[in-house]
Protein chains: 2
Amino acid sequence: MTLDYKDKKVIGIGIISELTGLTERQIRYYEERKLIFPERSNGGTRKYSFADVERLADIAEKMEDGMQTFEIRKEEMKRSDVRDKMLKGQLNAAFRMRK
Amino acid sequence: MTLDYKDKKVIGIGIISELTGLTERQIRYYEERKLIFPERSNGGTRKYSFADVERLADIAEKMEDGMQTFEIRKEEMKRSDVRDKMLKGQLNAAFRMRK
DNA sequence: CGTGTAAGGAATTCTGACACG
DNA sequence: CGTGTAAGGAATTCTGACACG
C-alpha cells in the first residue's frame, strides 16, 4: 500500500500559514520547541504535510487555552513511538528550563 | 463535508517536478496546452494538488506513447466528470445571468 | 515565554524569448 | 510540437538578532 497523501511533506510554510491561520514565525517557533517536524528541500526550505496542518491546528487550540509549548510536547510524548527516543534528552532539557 | 486533501491546491511546482519526474518546463507547457489548471498564489506562483500529480502522471504516460497534447486534451474532455463540471459552470453562468 | 519585526542573503518561481527539430 | 536553456526580475523562505513583557 502506498503512502497516504496526508503524510507527504510537500507544502511550503506560506501555504501552511494560510491553512492554519498561524504566522510563519509561530510555525517556526513550534518547530524549535519540537512540536512539529517538517522536512527540508535540498535548498533548505521547510516542507509540511496535511497531517502537520491538523497537528498545528491542535497546537494552536492548546496555546489559546494557555498551555505552554513544553506542556504540549509532554502530552504528545505520551505516544509510545516518540517517547523512547525523546524522553531522556528533551524532557530533561525542558525541566531544566523551568527552574 | 470538507474538501478532500487530494484536491487542495497547495503544492509548488518544484515539488510537483520531483513527484512526477517531469521538468518544470514540461509542467508549465502542459498548462499552456490546457491539460492542467493550477491555482496561483497572490504573488503568482503556481499551486497544485495531489490530484494534479496523478493527472500529470497520466499525461506523461500518454506523451511517452506518442500522443500529442491536443489529443490528450480531447480525451480528457470526454470524461464525464469534466463534462459535468463544464455543464455545471454553464448552468451557474446562466443562472447568474438571469438574476 | 511566545511573538513581532527589520536585515541581508539564498532558494524558488515567473515570463518571454531563442534554439532545435 | 515539445522541450532545453540563459536572462532578469519578483516572490518566497531562511537564519540570527533585537524587542517586549
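Since the model is a prediction, treat every value here as computed from it, not as a measurement. Hydrogens, waters and symmetry mates are skipped; everything else that's a heavy atom, side chains included, is used. Below, read A as the first sequence line, B as the second, and so on, with proteins coming before strands; counting in each chain starts at 1.
- The separation between B:Ile11 atom CD1 and C:dT13 atom P is 12 Å, rounded to whole Å.
- Within residues 14-26 of chain A, the residues approached by DNA chain C to less than 4.0 Å at the level of any non-hydrogen atom are A:Thr23, A:Arg25, A:Gln26, in residue-number order.
- Helical stems in DNA chain C, defined as runs of 3 or more consecutive Watson-Crick or G-U wobble pairs with donor-acceptor distances under 3.5 Å: C:2-5 with D:17-20, C:17-20 with D:2-5.
- In this structure, B:Gln68 atom CD and D:dT3 atom P are separated by 11 Å, rounded to whole Å.
- Here the closest heavy-atom approach between residue B:Ile59 and residue B:Ile72 is recorded as O-CD1, 4.0 Å.
- Here C:dG2 presents its C1' atom at 15 Å from CE of A:Met67, a figure rounded to the nearest Å.
- Taking CZ from B:Arg73 and CG from B:Leu35, the interatomic distance works out to 6.5 Å, rounded to the nearest 0.5 Å.
- Following rounding to the nearest Å, B:Arg28 (CZ) and C:dT12 (P) show an atom-to-atom distance of 13 Å.
- For residues 6-17 of chain A, the pairs satisfying side-chain hydrogen bond (donor to acceptor under 3.5 Å, both in side chains) are A:Lys6-A:Glu54, A:Lys9-A:Asp52, with sequence neighbours left out.
- DNA chain D is contacted by B:Tyr30, B:Arg33 of residues 30-38 of chain B, taking any non-hydrogen atom closer than 4.0 Å.
- Under a 4.0 Å N-O distance rule, the pair A:Glu31/A:Arg40 qualifies as a salt bridge.
- If you take CD1 of A:Ile27 and C1' of C:dT3, they are 13 Å apart, rounded to a whole angstrom.
- For A:Asp65, the CG atom counts as densely surrounded, since its 6.0 Å shell holds more than 12 non-hydrogen atoms of other residues, nucleotides or ligands.
- Residues of residues 41-50 of chain A that place a heavy atom closer than 4.0 Å to DNA chain D, in numerical order, are A:Gly44, A:Thr45, A:Arg46.
- Residue A:Tyr29 places at least one side-chain N or O under 4.0 Å from the OP1 or OP2 atom of C:dG2.
- Look at B:Glu32 and B:Arg28 and you find no salt bridge, because none of the NZ, NE, NH1 or NH2 atoms lies under 4.0 Å from a carboxylate O.
- Pairing each heavy atom of A:Arg33 with each of A:Thr69, the nearest pair is NH1-OG1, 3.0 Å.
- In plain terms, the two heavy atoms of B:Ile27 and B:Ile36 that are nearest each other are O-CD1, 3.5 Å.
- Whole-Å rounding puts the A:Met63 CE to C:dG4 P distance at 11 Å.
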Query - Residues B:Lys62, B:Glu75; criterion side-chain contact (heavy atoms from CB on, under 4.5 Å); working and verdict - result: CA-CA 11 Å; B:Lys62 287 171 182 162; B:Glu75 192 176 275; 2.5 Å; yes
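- Using a 4.5 Å heavy-atom threshold, the side chains of A:Ile15 and B:Lys47 count as touching.
- Here the shortest heavy-atom pairing between B:Met67 and B:Met63 reads O-SD, 3.5 Å.
- One hydrophobic cluster, built from ILVMFWY side chains closer than 4.5 Å, cannot hold both A:Phe70 and A:Leu56; they sit in different ones.
- Note on residues 40-62 of chain B: pairs passing ring-ring contact (aromatic ring centres under 6.0 Å, His included), not counting sequence neighbours, are A:Tyr5-B:Phe50.
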